[in-house]
Protein chains: 2
Amino acid sequence: MTDTGWRPVKRTRAFEDVLAQIERRIVEDGLTVGDRLPGERQLAEQLQVGRSSVREALRVLETLGVVSSQAGRGPDAGAVLTSRPDSALTDLLRLHLGLASLELREVIDTRLMIERWAAAGAATARAGTTALVAALEGMERARTAEEFVEHDTAFHCAIADASGNRLIAAIMRSLRESVRRYAIEAVEQLGDTRVLQDGHRRILAAIDAGSPEEAARAVTDHLADAYPTLFPRP
Amino acid sequence: MTDTGWRPVKRTRAFEDVLAQIERRIVEDGLTVGDRLPGERQLAEQLQVGRSSVREALRVLETLGVVSSQAGRGPDAGAVLTSRPDSALTDLLRLHLGLASLELREVIDTRLMIERWAAAGAATARAGTTALVAALEGMERARTAEEFVEHDTAFHCAIADASGNRLIAAIMRSLRESVRRYAIEAVEQLGDTRVLQDGHRRILAAIDAGSPEEAARAVTDHLADAYPTLFPRP
DNA sequence: ACCACTGTATGGTCAGACCATAGAACGCGA
DNA sequence: TCGCGTTCTATGGTCTGACCATACAGTGGT
């Protein structure tokens, strides 16, 4: 008697099956942000698995920023499809940094790449300057390193937002968020933030003037100012 | 009687507490890739929560590519710390693409940004050419669109690998993986892969010659060839 | 020294119970 | 009819205990 059925090398776990089924529904039924998934108990019955397996699958989707669960009753209750890639990316980066499977240098280099690209694009489109000005003024008023970094983050994320690319903007936000601690340290060590503010003004001026090359150069110099240990200047 | 205890707006769920505790241990105890976490039952007892909450936390960590669970007994069994950011990023991108909360254009643009950066860096360092040649030969031998895309992915990921930045390499692999379906479609629609191979050879030549600008231009032109609908050429 | 059997720790899953939450439905008084 | 407080109920969140599957460790026989 030959075993005609193919035996997978690794048995698919029940929650993985649930995951695949939910993803299939999203694609096939064209579900989009705001749509609701069936309740956990109903889903478990439909897919013939235990509720815990459904919950694990939903937990994965929540981690990936695709669903958001809310208890209670009403239109907002239950598992609702959302789009929050930021927190997933932030958690990913923070944990891998903590595990030392990523180095700070790699994260900052990535940020430099993104920001050069985004600043050049913003200069070409002359876009997003109002948000940049607002962040600049926020930094002027800041009285602590935390406050300064807060508005600094807003400034640099505004550059990424100006690109109009949501993926790149999300990556940028996550990069900033995951290195927030180090950024505050860096500002405190620097003491004087005037050199950083000068860099910000130079970036803004380049974008305003519509010169992509100068904008990219300004970003590079600014990061070298912010992280002198990572980018030793000649 | 004033309530001195601060009441959080949103009650932290048990599995989130577990998550935070595990992350704390990783950072404080300096745990790294290869180290084992306590068993689910033991962890549940230590943290005074149910095993299901521990499992949900571990599922999140597994989703983020930080732990890998293995049943059975022995040194490899249990929850082991790993470093697999790729699958997490791939799932993230694929799901958000399916949800239409990200557009293909944004993903391809991101890829273009990364690949220009990485190719320029590879040209400066004259690095990674052997892997590029191998992938090039693989594409010559390919007899189906799937096979071609397989080696094409290897070629472009090799460029990112040459950057030496693991984060950027991981993002690149995920970008390619999540658009694999569209890439196969694009190759099938194109029919003739010679123009793509010409592009590959031009990129390789630029890296080999150590000219970053030409490498970046070659990458840009190559992607325009591969996705003519996204990048209309004049 | 080798090998087959058994033991056991571990993850994977399920069923059922209970709690917390928050809108829905209801009912009552003005 | 309107307004408001009460109760109902669907939903997620959690715990417990049980059982299965897996794969190495230990054991004992050859």
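Just so it is clear, the values below take in all heavy atoms, side chains as well, and ignore hydrogens, waters and symmetry mates.
With rounding to whole Å, Leu47(B) atom CG is found 13 Å from dT14(D) atom P. As a whole-Å value, the separation of Asp17(B) CG from dG13(D) P is 15 Å. What separates CZ of Phe15(B) from P of dG12(D) is a distance of 14 Å, to the nearest Å. As rounded to whole Å, 15 Å separates atom P of dT14(D) from atom CD of Gln48(B). In this structure, Arg36(B) atom CZ and dT10(C) atom P are separated by 7 Å, rounded to whole Å. Whole-Å rounding puts the Leu43(A) CG to dC14(C) C1' distance at 16 Å. In this structure, CD of Glu16(B) is placed 13 Å from C1' of dG12(D), rounded to the nearest angstrom. Atom CD in Gln70(B) sits roughly 12 Å away from atom C1' in dG12(C) (whole-Å rounding).
One finds a salt bridge joining Arg13(A) and Glu62(B) here, because a Lys/Arg side-chain nitrogen approaches an Asp/Glu carboxylate oxygen to under 4.0 Å. Comment: Glu56(A) does not engage Arg59(A) in a salt bridge, judged by the lack of any side-chain N to carboxylate O separation of less than 4.0 angstrom. A salt bridge is absent between Arg166(B) and Asp161(B); no separation between the charged side-chain nitrogens and carboxylate oxygens falls under 4.0 Å. A salt bridge links Glu23(A) with Arg94(B): the distance from a Lys NZ or Arg NE/NH1/NH2 to an Asp or Glu carboxylate oxygen falls below 4.0 Å. Look at Glu146(A) and Arg180(A) and you find no salt bridge, because none of the NZ, NE, NH1 or NH2 atoms lies under 4.0 Å from a carboxylate O.
With distances taken from any side-chain atom of Ala71(B) to the nucleotides dG12(D), dG11(C), dC14(C), the minimum falls on dG11(C). Of the candidates dA23(D), dT13(C), dC14(C), dT13(C) carries the atom nearest the Arg51(B) side chain, counting heavy atoms from C-beta on. Comparing dA22(C), dG13(D), dC15(D) by their closest approach to the side chain of Arg41(A) singles out dG13(D). Considering only side-chain atoms of Pro75(B), the nucleotide from dA22(C), dG12(C), dA25(D) that sits closest is dA25(D).
Between Arg59(B) and the phosphate of dG12(C), there is a side-chain N or O to OP1/OP2 separation shorter than 4.0 Å. An OP1 or OP2 oxygen of dG12(D) is reached within less than 4.0 angstrom by no side-chain nitrogen or oxygen of Arg13(B). An OP1 or OP2 oxygen of dG12(D) is reached within less than 4.0 angstrom by no side-chain nitrogen or oxygen of Arg55(A).
Nearest-nucleotide mapping onto DNA chain C: of Ser53(A) and Arg73(A), the residue sitting toward the 5' end is Ser53(A).
Among the atoms of the strands shown, only primed sugar atoms or phosphate atoms (P, OP1, OP2) are found under 4.0 Å from some heavy atom of Gly74(A). In this structure, Ala44(B) reaches neither bases nor backbone, as no heavy-atom distance under 4.0 Å exists between it and the strands shown.
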